[in-house]
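A short write-up of the structure that comes next.
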Amino acid sequence: QVQLVESGGGLVQAGGSLRLTCADSGHTLSSYAVGWFRQAPGKEREFVAAISRSGFTTHVPDSVKGRFTISRDDYENTVYLEMNGLKPEDTAVYFCAASSLLSGTYYTRSWEYDFWGQGTQVTVSS
């Protein structure tokens with residue numbers, strides 16, 4: 001059973017950096033494609049980054065391209081989201097999620113994910 005826990009959120013000034021961590025206490029994360037999503041107050045959940053099971057394929061939307069990088073360490077059962085050049089509009093609760101789908105390499109829609117963490121707050125001040 002996948003049990004995801006996010007950490008690494010916090011308050012940072014615009015232009016700063018944070019690294020979010022998604023850890024799986026069930027020690028099975030290497031069997032799943034993983035994604036990061038975020039949700040700001042009053043807004044829908046938004047896709048932020050995805051990585052394939054192998055870790056060879058990653059994808060981020062244009063809104064964070066060049067600033068956010070996703071990576072995984074299957075030995076540590078962990079997925080990371082490195083965020084640089086943070087902007088106030090990046091403020092949100094960030095969630096990691098694991099997908100058991102086998103139809104593709106990575107997934108960008110929330111319904112494609114089976115397991116979710118509780119989220120970690122990221123606040124970027126201007």
Side-chain angles (χ1 to χ4, degrees):
Q1 181 75 6
V2 178
Q3 297 175 325
L4 303 176
V5 178
E6 302 94 336
S7 61
L11 173 64
V12 64
Q13 289 188 331
S17 300
L18 285 173
R19 187 176 79 160
L20 304 184
T21 298
C22 175
D24 170 31
S25 60
H27 305 290
T28 61
L29 196 57
S30 60
S31 300
Y32 297 82
V34 176
W36 284 95
F37 292 77
R38 66 187 181 188
Q39 188 164 20
K43 295 188 177 181
E44 293 187 353
R45 191 165 293 189
E46 176 188 13
F47 167 72
V48 173
I51 189 165
S52 62
R53 280 178 186 74
S54 67
F56 292 146
T57 304
T58 62
H59 178 73
V60 296
D62 289 343
S63 58
V64 304
K65 190 167 291 182
R67 300 189 298 122
F68 289 13
T69 303
I70 186 172
S71 62
R72 67 189 302 159
D73 182 341
D74 288 336
Y75 181 78
E76 297 291 337
N77 286 285
T78 301
V79 171
Y80 302 101
L81 182 67
E82 188 77 37
M83 305 186 297
N84 299 309
L86 283 163
K87 305 175 181 179
E89 52 263 43
D90 294 319
T91 295
V93 178
Y94 283 71
F95 300 88
C96 68
S99 173
S100 61
L101 290 177
L102 299 175
S103 57
T105 54
Y106 64 83
Y107 309 96
T108 63
R109 293 166 288 190
S110 57
W111 60 264
E112 294 175 309
Y113 289 85
D114 308 281
F115 306 99
W116 292 81
Q118 84 290 346
T120 185
Q121 177 70 47
V122 171
T123 303
V124 184
S125 63
S126 57

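Keep in mind that this is a model prediction, so the values were computed, not measured.
- By the criterion of side-chain heavy atoms lying less than 4.5 angstrom apart, applied directly or through intervening Ile, Leu, Val, Met, Phe, Trp or Tyr residues, Tyr113 is not grouped with Leu81; the two fall into different hydrophobic clusters.
- Sorted pairs that involve residues 32-78 and meet disulfide bond (SG atoms under 2.5 Å apart), not counting sequence neighbours, are lacking altogether.
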Show the numbers, then the answer: is there a side-chain contact (heavy atoms from CB on, under 4.5 Å) between Trp36 and Val79? CA-CA 9 Å; Trp36 284 95; Val79 171; 3.7 Å; yes
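- Under the side-chain hydrogen bond (donor to acceptor under 3.5 Å, both in side chains) criterion, Asp114 pairs with Ser100, sequence neighbours left out.
- Residue pairs meeting the ring-ring contact (aromatic ring centres under 6.0 Å, His included) criterion with at least one member in residues 53-82, sequence neighbours excluded, are Phe47-His59, His59-Tyr106.
- For the side chain to side chain donor-acceptor pair (under 3.5 Å) condition, the pairs that include at least one residue of residues 9-22, sequence neighbours left out, are Ser17-Asn84.
- Residues that satisfy the side-chain hydrogen bond (donor to acceptor under 3.5 Å, both in side chains) test with Lys65, not counting sequence neighbours, are Asp62.
- Linking ILVMFWY side-chain heavy atoms closer than 4.5 Å, directly or via other members, places Val64 and Phe37 in two distinct hydrophobic clusters.
- Evaluation of the disulfide bond (SG atoms under 2.5 Å apart) test over residues 75-118, restricted to residues two or more places apart or in two chains, returns Cys22-Cys96.
- Within the 3.5 Å criterion, the main-chain N or O of Glu112 finds a donor-acceptor partner in the side chain of Ser99.
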Ignoring hydrogens and angles, write down the donor-acceptor pairs under 3.5 Å from the side chains of residues 116-126, residues two or more places apart or on other chains.
{"unit_1": "Gln118", "atom_1": "NE2", "unit_2": "Glu6", "atom_2": "O", "d": "3.4"}
{"unit_1": "Thr120", "atom_1": "OG1", "unit_2": "Gly9", "atom_2": "N", "d": "3.2"}
{"unit_1": "Gln121", "atom_1": "NE2", "unit_2": "Ala92", "atom_2": "O", "d": "3.4"}
{"unit_1": "Gln121", "atom_1": "NE2", "unit_2": "Thr123", "atom_2": "OG1", "d": "3.3"}

Could you walk me through whether Leu29 and Thr78 pass the side-chain contact (heavy atoms from CB on, under 4.5 Å) check? CA-CA 7 Å; Leu29 196 57; Thr78 301; 5.7 Å; no
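- Remark: Glu82 pairs with no residue by the side-chain hydrogen bond (donor to acceptor under 3.5 Å, both in side chains) rule, at least two apart or across chains.
- Each salt bridge (Lys or Arg N to Asp or Glu O under 4.0 Å) pair with one or both residues in residues 42-56, not counting sequence neighbours, appears once here: Arg38-Glu46.
- Applying the ring-ring contact (aromatic ring centres under 6.0 Å, His included) criterion to Tyr32, with sequence neighbours excluded, gives Phe115.
- Taken together through direct or relayed side-chain contacts under 4.5 Å among Ile, Leu, Val, Met, Phe, Trp and Tyr, Val60 and Leu86 form part of one hydrophobic cluster.
- When atom types are taken as modelled, the side chain of Tyr107 and the backbone of Ala33 share no donor-acceptor pair closer than 3.5 angstrom.
- With hydrophobic clusters built from ILVMFWY side chains whose heavy atoms lie under 4.5 angstrom apart, Ile70 shares a cluster with Met83.
- Under the salt bridge (Lys or Arg N to Asp or Glu O under 4.0 Å) criterion, no residue pair touches residues 91-107, with sequence neighbours excluded.
- The salt bridge (Lys or Arg N to Asp or Glu O under 4.0 Å) analysis of residues 67-81, with sequence neighbours excluded, yields the pairs Arg67-Asp90, Arg72-Asp74.
- At a threshold of 4.5 Å between side-chain heavy atoms, the hydrophobic network of Ile, Leu, Val, Met, Phe, Trp and Tyr places Ile51 and Val5 in two separate groups.
- In this structure, the separation between CG on Leu18 and CG on Leu11 is 9.0 Å, given to the nearest 0.5 Å.
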